[in-house]
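What you see is a predicted model; the values in this text were computed from it and never measured. Each chain gets a letter, A, B and so on, in the order the sequences are listed, and its residues count up from 1.
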There are 2 protein chains.
Amino acid sequence: MKRTKKERQRLLTETIEDNPFVTDEQLASQFGVSVQTIRLDRMELAIPELRERIKDVAAKKYENEVKSLPIDEVIGEIIDIELDSRAISIFDVGAEHVFQRNGIARGHHLFAQANSLAVAVINDELALTVKANVFFVKPVRAGDRVITKAIVRGQHNEKNRTYIDVVSTVNNDTVFKGEFEMYRTKGKGDNHETSN
Amino acid sequence: MKRTKKERQRLLTETIEDNPFVTDEQLASQFGVSVQTIRLDRMELAIPELRERIKDVAAKKYENEVKSLPIDEVIGEIIDIELDSRAISIFDVGAEHVFQRNGIARGHHLFAQANSLAVAVINDELALTVKANVFFVKPVRAGDRVITKAIVRGQHNEKNRTYIDVVSTVNNDTVFKGEFEMYRTKGKGDNHETSN
DNA sequence: CTGGTATTAGTACCAAGTGCTAAAAAAATT
DNA sequence: AATTTTTTTAGCACTTGGTACTAATACCAG
């Protein structure tokens, strides 16, 4: 055998992670060991069998799809929300969100997270952005986890407006700030707690 | 039992469609027929077995993940550009850009088009949005063709800033306006630190 | 040489099927 | 009613990609 068991198991985990569709047999021949060894490895590493792995992938998709009925419309994941008051979402910046040239996140993704959080925090069927003043304080990079907080600052009921302040941070550093003026159809009305 | 074969097969297709994780055995007992009948039905309807179905779901998810990586550097298509002066892009709003509930385009798409046009018009390797004041004048709907014009209003060379006005229209109706303050490197050192 | 870890082999068994044949049961046709 | 056709059920062998378990080696160190 080439290297240690440890090394093989490290590679195994990696291999399976980026292609869960691989069978023990394929793995065995890839690593030049017997199928049994692969099975032992999986057991030690608590990696489930092919079918379970595939089912997990599929189930996850399903979960997302089912859950994403209301949340799909939000960029980033809402982790806390109190309607008409405040909301928090997190958004992991990936390679697909940055300029290739310099690795800095494109502004519109930060805007999108902030904007959709502003929409989400409003307890109304219809919420539209009327105006926004936004400030890109610091560059954000791939791998950064952006935490965005939206706070409802005030309402103007005659004009059907709601004013929201949004601040995004990475590691407690402010990277983005914005003030959003939102239009809504109703004033504060029905209450369904959509807490998380 | 209850209804005709046709009817059962219709229901079968439906059932499997919204829950691909169901086994023949479960289906058999649900429809009050034998497992063999279910198998025959699946054969006639060309519905693959449980494991294949699950694999398909999983594979599709995988595909999507891989495909969604490369995101166009520009949102909308630039049809005219004069660097450091002006640029025009068009963006066709599709069903995927609007809120399901009311068919109105989500703000961040309009912002994204404007923002990326502002980036594109700058004749520099690095252009970042520092600040933006945007105004969503009128709702935009699926099927609308948004034409966005960016005009460079001014420069502040010591601060490496460029000021850009952006107006988006649908059928000559203004739907979005924005002022963008952009940072550019142009000759100077590269680091971008903004106030705050 | 003895002991412990690592690896391989082999067997029985499982889930959820496919493929095939054949027989019953139900429905339609003559 | 008798016959034909369609539909349904049953049974068996076989397949994948495993689990669970036992037993035999192989390797390496003290």
Practice prompt. Treat primed atoms plus P, OP1 and OP2 as sugar-phosphate and everything else as base, then score nucleotides 8-13 of chain C 5' to 3': B for base contact with protein heavy atoms under 4.0 Å, S for sugar-phosphate contact only, - for none.
Written response: BBB---
Response to the item:
Partner of B:Phe180 under side chain to side chain contact (heavy atoms under 4.5 Å, CB included), picked from B:Val166, B:Val130, B:Val121, is B:Val166
Fill in: Length of the CG-C1' vector between B:Asp24 and C:dG19, whole Å
14 Å
Practice prompt. Would you kindly give the CG-to-P distance between B:Leu27 and D:dT8, to the nearest whole Å?
Written response: 15 Å
Fill in: Centroid-centroid distance, B:His156 to B:Tyr163, less than 6.0 Å
no
Fill in: Contact nearer the 5' end of DNA chain D, comparing B:Gln9 with B:Arg51
B:Gln9
Fill in: Contact check, side chains of A:Arg51 and B:Arg51, non-hydrogen atoms, under 4.5 Å
yes
Worksheet item: How would you label the contact of A:Arg42 with the nucleic acid (heavy atoms, under 4.0 Å): base, sugar-phosphate, or nothing?
Response: sugar-phosphate
Worksheet entry | Heavy atoms of other groups near B:Glu25 CD, more than 12 under 6.0 Å | no
Practice prompt. Using the six-membered ring wherever Trp is involved, compare the ring planes of B:Phe176 and B:Phe136 and label them parallel, tilted or perpendicular (cut-offs 30° and 60°).
Written response: perpendicular
Response to the item:
Here the distance between atom C1' of C:dC14 and atom CG of B:Leu50, to the nearest Å, is 15 Å
Worksheet item: Any side-chain heavy atom of A:Asp84 sitting closer than 4.5 Å to one from A:Arg184?
Response: yes
Worksheet, complete the sentence: When rounded to whole Å, the NZ to P distance for the pair A:Lys6 and C:dT7 reads 12 Å
Worksheet entry | Whole-Å distance separating the CG atom of B:Asp41 from the P atom of C:dG17 | 14 Å
Practice prompt. Starting from P on C:dA15, measure out to CZ on B:Arg53 and report it in whole angstrom.
Written response: 17 Å
Worksheet item: What is the distance, rounded to the nearest whole Å, between atom CZ of B:Phe31 and atom C1' of D:dT9?
Response: 18 Å
Worksheet entry | Rounded distance in Å - CE (A:Met43) to P (D:dT22) | 14 Å
